[in-house]
Amino acid sequence: MVRVKSRYLLCEINVSDRRDLLKLDDRAVAGSVKAAVARTHGDYGAALCSIRFCVKYLNAHTGIVFLRFHKGFYKLLWSALPFITSIECRGQIIPCFLNCLHVGGTIRTCQKFLIRYNTRQLHQMLPKYKNKVEEKRKIQEAILSCSLTGGGNKALEDELESEEEDDE
Amino acid sequence: MSVFMDLNVLFSADRSRLQSLVETAAHLGFSTVAINYVFEPTTKKKQEVPSPVPISELIGHLPVVQGRSRPIKVLNRLTVVMSEASHFRPNATEYRAFDLLAIQPTTEKLFHTTCMLCDVDIICISVTEKLPFFFKRAPINGAIDRGVVFEVSYASALRDSTMRRYTIANAVCLMESCKGKNVIVSSAAEKALELRGPYDIINLGALFGLSDADSKEAVSSTCRAVLLHAETRKTASGIVYTRISQQDTLQDCVGSEAPAAKRPKPT
(Lines give C-alpha, C1' and ligand atoms only; values in the text may rest on other atoms or scores of the structure.)
Protein backbone atom coordinates (compact mmCIF):
# COMPACT_ATOMS: atom_id res chain seq x y z
CA MET A 1 0.00 0.00 0.00
CA VAL A 2 2.70 2.41 0.92
CA ARG A 3 5.27 1.90 -1.74
CA VAL A 4 8.59 3.64 -1.95
CA LYS A 5 8.71 5.35 -5.33
CA SER A 6 11.76 6.59 -7.15
CA ARG A 7 12.55 8.13 -10.45
CA TYR A 8 15.10 6.51 -12.71
CA LEU A 9 16.91 8.85 -15.10
CA LEU A 10 18.34 7.24 -18.21
CA CYS A 11 21.34 9.31 -19.23
CA GLU A 12 23.88 8.99 -21.95
CA ILE A 13 27.44 10.13 -21.35
CA ASN A 14 28.89 11.86 -24.43
CA VAL A 15 32.61 12.09 -24.74
CA SER A 16 34.71 13.45 -27.55
CA ASP A 17 36.97 10.41 -27.63
CA ARG A 18 35.29 7.01 -27.47
CA ARG A 19 38.21 5.26 -25.84
CA ASP A 20 37.75 7.43 -22.74
CA LEU A 21 34.35 5.86 -22.15
CA LEU A 22 35.86 2.56 -21.13
CA LYS A 23 37.69 4.15 -18.21
CA LEU A 24 34.48 5.16 -16.44
CA ASP A 25 33.09 3.37 -13.44
CA ASP A 26 29.94 3.94 -11.45
CA ARG A 27 31.56 5.38 -8.35
CA ALA A 28 33.27 8.08 -10.41
CA VAL A 29 29.98 9.04 -12.04
CA ALA A 30 28.20 9.10 -8.66
CA GLY A 31 30.94 11.27 -7.21
CA SER A 32 30.79 13.79 -10.02
CA VAL A 33 26.98 14.00 -9.87
CA LYS A 34 27.12 14.68 -6.12
CA ALA A 35 29.81 17.30 -6.64
CA ALA A 36 27.81 19.06 -9.36
CA VAL A 37 24.66 19.08 -7.21
CA ALA A 38 26.64 20.48 -4.27
CA ARG A 39 28.12 23.18 -6.49
CA THR A 40 24.76 24.19 -7.94
CA HIS A 41 22.40 23.81 -5.03
CA GLY A 42 24.75 23.98 -2.08
CA ASP A 43 24.29 22.09 1.14
CA TYR A 44 20.56 21.60 0.53
CA GLY A 45 21.25 19.85 -2.73
CA ALA A 46 24.02 17.74 -1.26
CA ALA A 47 21.69 16.64 1.53
CA LEU A 48 18.91 15.69 -0.92
CA CYS A 49 21.41 13.79 -3.00
CA SER A 50 22.34 11.57 -0.10
CA ILE A 51 18.78 10.32 0.43
CA ARG A 52 18.15 7.79 -2.26
CA PHE A 53 20.62 8.52 -4.97
CA CYS A 54 22.69 5.81 -6.60
CA VAL A 55 23.98 4.76 -9.99
CA LYS A 56 22.03 1.63 -10.82
CA TYR A 57 23.64 0.64 -14.10
CA LEU A 58 26.55 1.83 -16.13
CA ASN A 59 27.50 0.51 -19.52
CA ALA A 60 31.00 1.64 -20.31
CA HIS A 61 30.79 0.58 -23.94
CA THR A 62 27.79 2.68 -24.90
CA GLY A 63 27.93 5.27 -22.13
CA ILE A 64 24.43 4.61 -20.79
CA VAL A 65 23.86 5.17 -17.10
CA PHE A 66 20.77 4.74 -14.91
CA LEU A 67 20.57 7.18 -12.02
CA ARG A 68 18.05 6.74 -9.26
CA PHE A 69 16.62 9.72 -7.41
CA HIS A 70 13.92 10.28 -4.86
CA LYS A 71 10.60 11.01 -6.55
CA GLY A 72 9.91 14.20 -4.65
CA PHE A 73 12.84 16.25 -5.80
CA TYR A 74 14.32 14.54 -8.84
CA LYS A 75 13.70 17.67 -10.88
CA LEU A 76 15.90 19.80 -8.68
CA LEU A 77 18.71 17.29 -8.86
CA TRP A 78 18.14 16.82 -12.59
CA SER A 79 18.59 20.55 -13.11
CA ALA A 80 22.14 20.25 -11.77
CA LEU A 81 23.13 17.56 -14.28
CA PRO A 82 23.77 19.93 -17.24
CA PHE A 83 26.51 21.56 -15.18
CA ILE A 84 28.68 18.45 -15.22
CA THR A 85 31.58 19.19 -17.52
CA SER A 86 33.96 16.38 -16.65
CA ILE A 87 34.19 13.15 -14.70
CA GLU A 88 37.23 12.32 -12.69
CA CYS A 89 38.12 8.66 -12.63
CA ARG A 90 41.26 7.16 -11.09
CA GLY A 91 43.16 10.39 -11.34
CA GLN A 92 42.19 11.12 -14.93
CA ILE A 93 39.82 13.88 -15.90
CA ILE A 94 37.54 12.95 -18.77
CA PRO A 95 35.66 15.90 -20.33
CA CYS A 96 32.12 14.86 -21.11
CA PHE A 97 28.50 15.81 -20.70
CA LEU A 98 25.35 13.97 -19.66
CA ASN A 99 22.32 13.86 -21.89
CA CYS A 100 19.10 12.68 -20.32
CA LEU A 101 17.09 10.42 -22.60
CA HIS A 102 14.22 9.16 -20.48
CA VAL A 103 12.69 9.41 -17.03
CA GLY A 104 10.96 6.32 -15.73
CA GLY A 105 9.34 5.14 -12.57
CA THR A 106 10.90 1.70 -12.68
CA ILE A 107 14.01 0.14 -14.09
CA ARG A 108 11.88 -2.03 -16.33
CA THR A 109 10.36 0.92 -18.22
CA CYS A 110 13.79 2.44 -18.64
CA GLN A 111 15.06 -0.85 -19.99
CA LYS A 112 12.20 -1.03 -22.52
CA PHE A 113 13.03 2.48 -23.70
CA LEU A 114 16.71 1.60 -23.88
CA ILE A 115 16.04 -1.40 -26.09
CA ARG A 116 13.97 0.73 -28.48
CA TYR A 117 16.67 3.41 -28.45
CA ASN A 118 19.46 0.93 -29.16
CA THR A 119 17.43 -0.59 -31.98
CA ARG A 120 17.09 2.86 -33.50
CA GLN A 121 20.84 3.40 -33.17
CA LEU A 122 21.52 0.15 -34.98
CA HIS A 123 19.09 1.16 -37.73
CA GLN A 124 20.98 4.41 -38.10
CA MET A 125 24.28 2.60 -38.31
CA LEU A 126 23.05 0.28 -41.06
CA PRO A 127 23.45 2.67 -44.04
CA LYS A 128 27.04 3.38 -43.02
CA TYR A 129 28.06 -0.20 -43.65
CA LYS A 130 26.72 -0.57 -47.16
CA ASN A 131 29.92 -2.03 -48.51
CA LYS A 132 30.87 -4.32 -45.69
CA VAL A 133 28.58 -7.29 -46.00
CA GLU A 134 29.77 -9.15 -42.94
CA GLU A 135 29.14 -6.33 -40.49
CA LYS A 136 25.81 -5.54 -42.11
CA ARG A 137 24.68 -9.09 -41.55
CA LYS A 138 25.73 -8.88 -37.91
CA ILE A 139 23.76 -5.68 -37.38
CA GLN A 140 20.66 -7.12 -39.01
CA GLU A 141 20.89 -10.22 -36.82
CA ALA A 142 21.21 -8.08 -33.73
CA ILE A 143 18.17 -5.99 -34.70
CA LEU A 144 16.05 -9.06 -35.25
CA SER A 145 17.08 -10.64 -32.00
CA CYS A 146 16.14 -7.73 -29.73
CA SER A 147 13.80 -8.69 -26.98
CA LEU A 148 13.11 -7.76 -23.40
CA THR A 149 13.93 -11.13 -21.89
CA GLY A 150 17.28 -12.79 -21.81
CA GLY A 151 20.35 -11.94 -23.75
CA GLY A 152 18.72 -9.73 -26.37
CA ASN A 153 19.89 -6.53 -24.73
CA LYS A 154 23.39 -7.82 -24.22
CA ALA A 155 23.72 -8.89 -27.86
CA LEU A 156 22.68 -5.38 -28.90
CA GLU A 157 25.32 -3.76 -26.78
CA ASP A 158 28.06 -6.07 -27.97
CA GLU A 159 27.17 -5.26 -31.55
CA LEU A 160 27.03 -1.59 -30.75
CA GLU A 161 30.47 -1.44 -29.23
CA SER A 162 32.12 -3.63 -31.84
CA GLU A 163 30.62 -1.56 -34.65
CA GLU A 164 31.68 1.66 -33.01
CA GLU A 165 35.20 0.39 -32.66
CA ASP A 166 35.25 -0.70 -36.28
CA ASP A 167 33.98 2.74 -37.19
CA GLU A 168 37.13 4.33 -35.81
CA MET B 1 6.84 15.16 -31.21
CA SER B 2 8.12 18.70 -31.26
CA VAL B 3 11.12 19.99 -33.09
CA PHE B 4 13.93 21.26 -30.93
CA MET B 5 16.23 23.96 -32.20
CA ASP B 6 19.44 25.48 -31.02
CA LEU B 7 19.72 28.89 -32.56
CA ASN B 8 23.11 29.94 -31.30
CA VAL B 9 26.21 27.98 -32.17
CA LEU B 10 29.30 30.15 -32.38
CA PHE B 11 31.18 30.20 -35.61
CA SER B 12 34.80 29.12 -35.48
CA ALA B 13 37.24 28.98 -38.32
CA ASP B 14 38.07 25.40 -37.48
CA ARG B 15 36.01 23.25 -39.83
CA SER B 16 36.37 20.02 -37.90
CA ARG B 17 35.16 21.65 -34.72
CA LEU B 18 32.03 22.93 -36.44
CA GLN B 19 31.50 19.54 -37.99
CA SER B 20 31.66 17.77 -34.65
CA LEU B 21 29.37 20.41 -33.13
CA VAL B 22 26.72 19.85 -35.78
CA GLU B 23 27.05 16.09 -35.45
CA THR B 24 26.61 16.26 -31.70
CA ALA B 25 23.59 18.52 -32.10
CA ALA B 26 22.04 16.04 -34.53
CA HIS B 27 22.79 13.19 -32.14
CA LEU B 28 21.13 15.03 -29.26
CA GLY B 29 17.97 15.60 -31.26
CA PHE B 30 18.10 19.17 -32.50
CA SER B 31 16.41 19.58 -35.87
CA THR B 32 17.85 22.99 -36.67
CA VAL B 33 21.05 24.75 -35.74
CA ALA B 34 22.04 28.33 -36.53
CA ILE B 35 25.69 29.27 -36.85
CA ASN B 36 26.22 32.61 -35.20
CA TYR B 37 28.66 35.23 -36.46
CA VAL B 38 29.21 37.81 -33.75
CA PHE B 39 29.96 41.25 -35.05
CA GLU B 40 31.13 43.95 -32.69
CA PRO B 41 31.58 47.28 -34.42
CA THR B 42 33.84 49.86 -32.81
CA THR B 43 33.88 53.51 -33.68
CA LYS B 44 37.62 53.53 -34.18
CA LYS B 45 37.84 51.93 -37.56
CA LYS B 46 35.36 50.88 -40.16
CA GLN B 47 34.76 47.18 -39.94
CA GLU B 48 33.27 44.87 -42.45
CA VAL B 49 30.26 42.84 -41.52
CA PRO B 50 31.43 39.26 -41.87
CA SER B 51 29.86 37.41 -44.73
CA PRO B 52 28.70 33.91 -44.00
CA VAL B 53 30.48 30.93 -45.42
CA PRO B 54 28.00 28.86 -47.41
CA ILE B 55 26.82 25.79 -45.56
CA SER B 56 27.88 23.33 -48.23
CA GLU B 57 31.48 24.43 -47.89
CA LEU B 58 31.41 24.34 -44.14
CA ILE B 59 30.00 20.95 -43.43
CA GLY B 60 30.20 18.25 -46.02
CA HIS B 61 27.51 15.82 -45.10
CA LEU B 62 24.61 16.87 -42.90
CA PRO B 63 23.97 14.19 -40.29
CA VAL B 64 20.49 12.79 -39.72
CA VAL B 65 18.71 13.99 -36.60
CA GLN B 66 18.35 11.40 -33.87
CA GLY B 67 14.80 10.11 -33.84
CA ARG B 68 13.82 11.54 -37.20
CA SER B 69 14.53 10.76 -40.80
CA ARG B 70 15.59 14.18 -42.03
CA PRO B 71 19.07 15.65 -41.94
CA ILE B 72 19.71 18.56 -39.65
CA LYS B 73 19.09 22.06 -40.99
CA VAL B 74 21.88 24.58 -40.63
CA LEU B 75 21.20 28.30 -40.87
CA ASN B 76 23.28 31.46 -40.70
CA ARG B 77 22.80 34.11 -38.09
CA LEU B 78 24.39 37.46 -37.34
CA THR B 79 24.61 39.05 -33.90
CA VAL B 80 25.46 42.74 -33.72
CA VAL B 81 26.73 43.91 -30.36
CA MET B 82 25.48 47.46 -30.14
CA SER B 83 26.94 50.10 -27.92
CA GLU B 84 25.72 53.01 -30.04
CA ALA B 85 22.67 53.62 -32.13
CA SER B 86 24.65 53.98 -35.33
CA HIS B 87 26.04 50.47 -35.18
CA PHE B 88 23.00 48.81 -36.61
CA ARG B 89 21.96 50.01 -40.02
CA PRO B 90 18.54 48.77 -40.94
CA ASN B 91 18.11 47.24 -44.39
CA ALA B 92 21.80 47.00 -44.99
CA THR B 93 22.57 44.74 -47.90
CA GLU B 94 25.12 42.67 -45.96
CA TYR B 95 22.40 41.50 -43.63
CA ARG B 96 20.56 39.92 -46.52
CA ALA B 97 22.86 36.91 -46.59
CA PHE B 98 21.94 35.84 -43.08
CA ASP B 99 18.82 33.96 -42.20
CA LEU B 100 18.49 35.35 -38.69
CA LEU B 101 19.39 38.72 -37.25
CA ALA B 102 20.10 39.40 -33.62
CA ILE B 103 21.11 42.39 -31.57
CA GLN B 104 22.76 42.59 -28.20
CA PRO B 105 22.08 46.01 -26.67
CA THR B 106 24.34 47.25 -23.92
CA THR B 107 22.52 50.30 -22.60
CA GLU B 108 18.96 50.96 -21.51
CA LYS B 109 18.23 53.45 -24.27
CA LEU B 110 19.48 51.03 -26.91
CA PHE B 111 17.39 48.27 -25.39
CA HIS B 112 14.35 50.48 -25.72
CA THR B 113 15.07 51.33 -29.37
CA THR B 114 15.78 47.72 -30.28
CA CYS B 115 12.56 46.52 -28.71
CA MET B 116 10.35 49.09 -30.34
CA LEU B 117 11.97 49.99 -33.63
CA CYS B 118 14.75 47.81 -34.94
CA ASP B 119 13.94 45.20 -37.49
CA VAL B 120 15.47 42.12 -35.95
CA ASP B 121 14.36 38.69 -34.84
CA ILE B 122 16.24 38.12 -31.61
CA ILE B 123 17.39 40.36 -28.78
CA CYS B 124 20.24 38.79 -26.84
CA ILE B 125 20.47 39.30 -23.13
CA SER B 126 24.08 39.36 -22.13
CA VAL B 127 25.07 36.80 -19.55
CA THR B 128 28.70 37.63 -18.96
CA GLU B 129 28.07 40.69 -16.81
CA LYS B 130 25.48 41.97 -14.37
CA LEU B 131 22.99 43.94 -16.41
CA PRO B 132 23.50 47.66 -15.93
CA PHE B 133 19.84 48.38 -16.54
CA PHE B 134 16.54 47.03 -15.37
CA PHE B 135 13.88 45.67 -17.63
CA LYS B 136 10.76 47.75 -18.00
CA ARG B 137 7.42 46.33 -18.99
CA ALA B 138 6.74 48.86 -21.78
CA PRO B 139 9.53 48.02 -24.25
CA ILE B 140 9.25 44.32 -23.50
CA ASN B 141 5.54 44.29 -24.25
CA GLY B 142 6.23 46.27 -27.42
CA ALA B 143 8.74 43.66 -28.51
CA ILE B 144 6.36 40.81 -27.73
CA ASP B 145 3.67 42.43 -29.85
CA ARG B 146 6.06 42.72 -32.77
CA GLY B 147 7.13 39.13 -32.49
CA VAL B 148 10.70 39.69 -31.37
CA VAL B 149 12.10 37.15 -28.93
CA PHE B 150 14.61 37.42 -26.12
CA GLU B 151 17.46 35.00 -25.93
CA VAL B 152 19.38 33.61 -22.98
CA SER B 153 22.42 31.51 -23.66
CA TYR B 154 23.87 29.03 -21.21
CA ALA B 155 27.35 28.03 -22.35
CA SER B 156 29.14 30.56 -20.18
CA ALA B 157 27.24 29.23 -17.18
CA LEU B 158 28.89 25.87 -17.75
CA ARG B 159 32.37 27.30 -17.61
CA ASP B 160 32.53 29.45 -14.55
CA SER B 161 30.77 29.90 -11.23
CA THR B 162 30.43 33.70 -11.39
CA MET B 163 29.10 33.46 -14.93
CA ARG B 164 26.52 31.02 -13.63
CA ARG B 165 25.34 33.62 -11.11
CA TYR B 166 25.09 36.34 -13.73
CA THR B 167 23.24 34.06 -16.12
CA ILE B 168 20.68 33.05 -13.54
CA ALA B 169 20.30 36.60 -12.23
CA ASN B 170 19.76 38.12 -15.67
CA ALA B 171 17.48 35.32 -16.78
CA VAL B 172 15.30 35.56 -13.68
CA CYS B 173 14.99 39.34 -14.15
CA LEU B 174 13.92 38.84 -17.73
CA MET B 175 11.37 36.18 -16.89
CA GLU B 176 9.80 38.41 -14.27
CA SER B 177 9.21 41.21 -16.75
CA CYS B 178 8.16 39.21 -19.75
CA LYS B 179 6.10 36.58 -17.87
CA GLY B 180 7.80 33.75 -19.71
CA LYS B 181 6.58 34.55 -23.21
CA ASN B 182 8.76 34.99 -26.28
CA VAL B 183 11.92 33.60 -24.75
CA ILE B 184 14.38 31.18 -26.26
CA VAL B 185 17.19 29.40 -24.51
CA SER B 186 20.19 28.46 -26.58
CA SER B 187 23.76 27.46 -26.13
CA ALA B 188 26.51 29.75 -27.29
CA ALA B 189 28.62 26.68 -27.72
CA GLU B 190 32.10 26.79 -29.10
CA LYS B 191 32.89 23.13 -28.61
CA ALA B 192 30.81 20.02 -29.02
CA LEU B 193 31.04 19.35 -25.28
CA GLU B 194 29.20 22.55 -24.43
CA LEU B 195 25.94 21.45 -25.98
CA ARG B 196 23.20 19.95 -23.85
CA GLY B 197 20.23 17.81 -24.72
CA PRO B 198 16.81 19.43 -25.21
CA TYR B 199 15.22 17.89 -22.13
CA ASP B 200 18.12 19.07 -20.01
CA ILE B 201 17.64 22.60 -21.31
CA ILE B 202 13.93 22.39 -20.54
CA ASN B 203 14.81 21.57 -16.97
CA LEU B 204 17.31 24.41 -16.90
CA GLY B 205 14.50 26.74 -17.89
CA ALA B 206 12.76 25.74 -14.67
CA LEU B 207 15.84 27.04 -12.85
CA PHE B 208 15.43 30.36 -14.62
CA GLY B 209 11.88 30.73 -13.38
CA LEU B 210 9.94 29.46 -16.37
CA SER B 211 7.04 27.09 -15.89
CA ASP B 212 7.27 23.62 -17.43
CA ALA B 213 5.15 24.43 -20.47
CA ASP B 214 6.88 27.76 -21.09
CA SER B 215 10.21 26.08 -20.76
CA LYS B 216 9.43 23.49 -23.40
CA GLU B 217 8.12 26.23 -25.67
CA ALA B 218 11.36 28.11 -25.21
CA VAL B 219 13.21 25.35 -27.00
CA SER B 220 10.66 24.35 -29.58
CA SER B 221 7.73 26.46 -30.69
CA THR B 222 9.17 29.90 -29.92
CA CYS B 223 12.25 28.99 -31.96
CA ARG B 224 10.02 28.00 -34.82
CA ALA B 225 8.25 31.33 -34.47
CA VAL B 226 11.61 33.07 -34.78
CA LEU B 227 12.34 31.28 -38.04
CA LEU B 228 8.97 32.26 -39.44
CA HIS B 229 9.49 35.84 -38.31
CA ALA B 230 12.85 35.90 -40.07
CA GLU B 231 11.27 34.68 -43.26
CA THR B 232 8.59 37.34 -43.13
CA ARG B 233 11.21 39.96 -42.47
CA LYS B 234 12.99 38.94 -45.64
CA THR B 235 9.93 38.72 -47.80
CA ALA B 236 7.82 41.75 -46.87
CA SER B 237 5.43 40.13 -44.41
CA GLY B 238 5.48 36.83 -46.22
CA ILE B 239 3.31 37.92 -49.10
CA VAL B 240 5.80 38.17 -51.93
CA TYR B 241 8.87 36.08 -52.42
CA THR B 242 11.23 35.79 -55.33
CA ARG B 243 12.85 32.59 -56.42
CA ILE B 244 15.55 32.14 -58.98
CA SER B 245 14.57 29.16 -61.08
CA GLN B 246 16.72 27.32 -63.57
CA GLN B 247 14.73 28.34 -66.65
CA ASP B 248 14.45 32.11 -66.15
CA THR B 249 16.79 34.33 -64.24
CA LEU B 250 14.19 35.90 -61.94
CA GLN B 251 10.61 34.90 -61.47
CA ASP B 252 8.22 36.77 -59.22
CA CYS B 253 5.92 34.39 -57.42
CA VAL B 254 3.04 35.75 -55.44
CA GLY B 255 2.18 33.15 -52.90
CA SER B 256 0.41 33.56 -49.62
CA GLU B 257 2.47 32.29 -46.75
CA ALA B 258 0.51 32.46 -43.58
CA PRO B 259 2.85 32.08 -40.63
CA ALA B 260 0.72 31.05 -37.73
CA ALA B 261 2.79 32.89 -35.17
CA LYS B 262 2.51 36.33 -36.65
CA ARG B 263 -0.24 38.87 -37.01
CA PRO B 264 -0.49 40.62 -40.39
CA LYS B 265 1.46 43.84 -40.49
CA PRO B 266 -0.21 46.89 -42.02
CA THR B 267 1.73 47.75 -45.18
Side-chain angles (χ1 to χ4, degrees), chain A residues 7 9-18 20 33 35-42 45 62-64 67 69 73-87 93-104 113 116-128 164 167, chain B residues 4 6 16-17 19-21 23-30 61 63-72 153-165 167-168 171 185 187 189-212 215 219:
Chain A
R7 284 285 177 261
L9 232 59
L10 207 181
C11 296
E12 184 192 7
I13 303 184
N14 294 56
V15 277
S16 42
D17 187 6
R18 278 207 85 89
D20 287 337
V33 169
V37 170
R39 251 183 297 144
T40 318
H41 298 296
T62 51
I64 301 282
L67 301 168
F69 294 119
F73 27 80
Y74 73 99
K75 278 213 171 160
L76 188 71
L77 301 172
W78 184 11
S79 67
L81 290 185
F83 292 107
I84 296 181
T85 51
S86 59
I87 297 187
I93 299 187
I94 304 168
C96 63
F97 67 94
L98 253 60
N99 172 32
C100 171
L101 302 170
H102 184 247
V103 178
F113 177 84
R116 284 203 316 265
Y117 180 76
N118 283 345
T119 324
R120 240 188 293 151
Q121 300 282 79
L122 286 176
H123 276 299
Q124 276 190 341
M125 280 200 308
L126 206 51
K128 285 194 224 164
E164 300 287 3
D167 208 5
Chain B
F4 297 113
D6 190 356
S16 58
R17 218 196 238 190
Q19 171 91 20
S20 70
L21 251 176
E23 271 172 19
T24 319
H27 178 73
L28 289 174
F30 288 109
H61 168 66
V64 175
V65 180
Q66 167 94 282
R68 282 165 202 269
S69 46
R70 291 229 185 133
I72 192 171
S153 55
Y154 62 80
S156 35
L158 302 177
R159 290 181 206 138
D160 196 26
S161 167
T162 28
M163 294 297 155
R164 210 178 294 172
R165 290 182 205 177
T167 313
I168 297 185
V185 181
S187 68
E190 293 165 14
K191 299 187 283 197
L193 290 175
E194 287 173 5
L195 282 173
R196 291 295 182 263
Y199 293 104
D200 287 330
I201 307 182
I202 292 175
N203 218 9
L204 211 59
L207 256 191
F208 291 158
L210 288 174
S211 72
D212 282 340
S215 198
V219 194

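These numbers were taken from a predicted model, which means no experiment stands behind them. Chain naming here is simple, since letters A, B, ... match the order of the sequence lines and numbering starts at 1 in each.
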Among the options A:K75, A:R39, A:H123, pick out the one with the most heavy-atom pairs lying under 4.5 Å from chain B.
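The option with the most such pairs is A:K75.
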If we define contacts as heavy-atom pairs under 4.5 Å, which of A:S16, A:P95, A:C11 has the most with chain B?
A:P95
According to the salt bridge (charged side-chain N to carboxylate O under 4.0 Å, His left out) rule, which pairs have a member within residues 189-204 of chain B, sequence neighbours left out?
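Pairs touching residues 189-204 of chain B that pass the test: B:R159-B:E190, B:R159-B:E194.
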B:L158 portion near chain A, given a 4.5 angstrom heavy-atom threshold:
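Contact with chain A is through both the backbone and side chain of B:L158.
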Residue part contacting chain A, namely of B:A206, when any heavy atom lies under 4.5 Å:
neither
State, with a plain yes or no, whether a side-chain heavy atom of A:F97 is found less than 4.5 Å away from one of B:T24.
yes
Under 3.5 Å: donor-acceptor pair, side chain of A:N99, backbone of A:N14:
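Answer holds: no.
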Sequence neighbours excluded, which residues qualify as ring-ring contact (aromatic ring centres under 6.0 Å, His included) partners of A:H102?
A:F113
If you count heavy-atom pairs under 4.5 Å between each of B:I202, B:I201, B:L193 and chain A, which one has the most?
B:L193
Report which part of A:L98 has an atom under 4.5 Å of a heavy atom belonging to chain B: side chain, backbone, both, or neither.
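Contact with chain B involves the backbone of A:L98 alone.
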side-chain contact (heavy atoms from CB on, under 4.5 Å) between A:R7 and A:W78, worked out:
CA-CA 11 Å; A:R7 284 285 177 261; A:W78 184 11; over 6 Å; no
